[in-house]
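Below is one structure, written out as structure tokens; the observations come after it.
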Amino acid sequence: MIAVEHLYKSIGSTSILNDVSLHIREGEVVGLLGPNGAGKSTLMKVLTGLWKADSGVVNVCGIDVPAKPDEVHAHIGYLPEQNPLYADMYVREYLMFIARMRGLTGAAGQTAVGSPKNSFAWGALQRSNSAAVEHLIDRVGLTPQADKRIRTLSKGYKQRVGLAAAMIGDPEILILDEPTTGLDPNQLEDIRALIRELGKQHTVILSTHILQEVSAICNRVIIISQGQVRLDQPLTAIPDLEAAFRSATN
């Protein structure tokens with residue numbers, strides 16, 4: 001599903017990723033661990049096609065990402081560390097907006113690019129989007145907040161909105177960059193439970209520097225330090241994750 005071979009990425013004169021290779025299979029929930037500045041967010045941006053690698057192979061769902069970065073977007077839902085929400089929009093309004101931007105038409109997932117806004121096709125598109133958005137609102141536990149402005153929500157509910165936006169179009173892969181940063185303990189457990197549930201139906205890559213996060217959610221661990229993969233194992237093969245992390249990042 002995801003194949004990365006000998007990936008290099010620099011920003012200016014600074015090397016960020018240095019000969020990274022990894023393979024992620026369908027249905028895995030992978031914890032991408034590493035200290036701040038290790039290259040986790042950069043790797044995620046390269047996988048999504050937002051940033052182009054300097055060299056190496058990046059293949060997602062059979063798509064050559066550097067050659068076809070726009071095509072891969074239909075297969076990936078991405079929640080960046082800085083959740084890009086429009087704070088003055090209502091929750092339902094915002095998710096409908098994202099659905100239109102992604103060309104969603106309903107369960108079949110076919111796009112409706114070029115449908116005139118005053119046509120019956122546009123009306124059908126709106127109805128299909130509405131049904132899909134209502135399903136997501138319910139799935140991520142946003143029903144009581146659906147008619148509220150995003151700026152009035154707690155951090156935990158804003159993260160739910162971001163997750164719902166990432167899930168629009170039912171992508172095969174969810175890439176989540178530090179999704180629980182800044183949450184209180186109750187919000188933290190709620191979002192972890194939601195991600196665990198999402199992992200039953202999606203391939204998930206979860207970037208974090210919190211070891212408990214990986215233990216609670218993931219079935220595989222990839223540790224990156226100084227731009228290189230230092231450890232890649234199933235969680236069950238790591239008896240002491242803290243010790244493994246220290247060894248891999250020293």
Holding to salt bridge (charged side-chain N to carboxylate O under 4.0 Å, His left out), I want the full list of residues that pass it with [X], two or more places apart in sequence or in another chain.
| X | answer |
| --- | --- |
| Glu26 | none |
| Arg149 | none |
| Glu28 | Arg25, Arg220 |
| Asp240 | none |

Measure across [X] and [Y] and return the closest heavy-atom pair with its distance rounded to 0.1 Å.
| X | Y | answer |
| --- | --- | --- |
| Ala53 | Val46 | CB-CG1, 4.2 Å |
| Asn219 | Gly27 | ND2-O, 4.3 Å |
| Ile150 | Lys158 | O-CE, 3.3 Å |
| Ala38 | Ser225 | CB-CA, 4.1 Å |
| Cys61 | Ile173 | SG-CD1, 3.8 Å |
| Gly49 | Val65 | CA-CG1, 3.7 Å |

If only atom types and distance count, is the side chain of [X] paired as donor or acceptor with the main-chain N or O of [Y] below 3.5 Å?
| X | Y | value |
| --- | --- | --- |
| Asp232 | Leu22 | no |
| Thr208 | Glu178 | no |
| Asp184 | Asn186 | yes |
| Arg192 | Ile217 | no |
| Arg102 | Gly169 | no |

Check whether [X] and [Y] end up in the same hydrophobic cluster, where Ile, Leu, Val, Met, Phe, Trp and Tyr are linked by side-chain heavy atoms less than 4.5 Å apart.
| X | Y | result |
| --- | --- | --- |
| Leu176 | Leu183 | yes |
| Leu206 | Met44 | no |
| Leu163 | Met89 | yes |
| Ile137 | Met101 | yes |
| Ile222 | Val58 | yes |

Any chance you could measure [X], atom [atom1], to [Y], atom [atom2], to the nearest 0.5 Å?
| X | Y | atom1 | atom2 | value |
| --- | --- | --- | --- | --- |
| Ile224 | Arg230 | CD1 | CZ | 10.5 Å |
| Tyr90 | Gln145 | OH | CD | 14.5 Å |
| Arg92 | Leu142 | CZ | CG | 10.0 Å |
| Thr249 | His209 | OG1 | NE2 | 12.5 Å |
| Tyr78 | Leu174 | OH | CG | 13.0 Å |
| Leu32 | Ile205 | CG | CD1 | 7.5 Å |

Identify each donor-acceptor pair in which a side-chain atom of residues 1-11 lies under 3.5 Å from a protein atom, sequence neighbours left out, and give them as a table.
residue : atom : partner : partner atom : Å
Glu5    : OE2  : His23   : NE2          : 2.8
His6    : ND1  : Asp19   : OD1          : 2.8
Lys9    : NZ   : Lys52   : O            : 3.0

Exercise. Who passes side-chain hydrogen bond (donor to acceptor under 3.5 Å, both in side chains) against Glu93, sequence neighbours left out?
Worked result: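 Glu93: no side-chain hydrogen bond (donor to acceptor under 3.5 Å, both in side chains) contacts found.
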For this session: For His75, check side-chain hydrogen bond (donor to acceptor under 3.5 Å, both in side chains) against everything at least two apart and list the hits.
Result: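 In terms of side-chain hydrogen bond (donor to acceptor under 3.5 Å, both in side chains), with neighbours along the sequence ignored, His75 is linked to Glu172.
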Exercise. Does any non-hydrogen side-chain atom of Gln159 lie less than 4.5 Å from one of Thr181?
Worked result: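 No, too far: nothing below the 4.5 Å cut-off.
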Exercise. Is the closest side-chain heavy-atom distance between Met167 and Val140 below 4.5 Å?
Worked result: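 Yes, their side chains come closer than 4.5 Å.
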For this session: Could you name each residue pair satisfying side-chain hydrogen bond (donor to acceptor under 3.5 Å, both in side chains) that touches residues 33-49, not counting sequence neighbours?
Result: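 Applying side-chain hydrogen bond (donor to acceptor under 3.5 Å, both in side chains) to every pair that reaches into residues 33-49, excluding sequence neighbours, yields Ser41-Asp177.
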Exercise. Remaining members of Leu33's ILVMFWY cluster at a side-chain heavy-atom cut-off under 4.5 Å?
Worked result: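 Besides Leu33, the cluster holds Leu211, Val214, Val221, Ile223, Leu231, Leu235, Ile238, Leu241, Phe245.
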For this session: Kindly write out the residues that satisfy side-chain contact (heavy atoms from CB on, under 4.5 Å) with Asp190, not counting sequence neighbours, or none if the list is empty.
Result: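 In terms of side-chain contact (heavy atoms from CB on, under 4.5 Å), with neighbours along the sequence ignored, Asp190 is linked to Arg160.
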For this session: Quick one: list whatever passes ring-ring contact (aromatic ring centres under 6.0 Å, His included) with Phe97, sequence neighbours left out.
Result: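 Phe97 satisfies ring-ring contact (aromatic ring centres under 6.0 Å, His included) with Tyr86 only.
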For this session: Not counting sequence neighbours, list each pair that qualifies as a salt bridge (Lys or Arg N to Asp or Glu O under 4.0 Å) and has a residue in residues 59-85.
Result: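 Every candidate salt bridge (Lys or Arg N to Asp or Glu O under 4.0 Å) pair involving residues 59-85 fails, so no pair, neighbours aside, qualifies.
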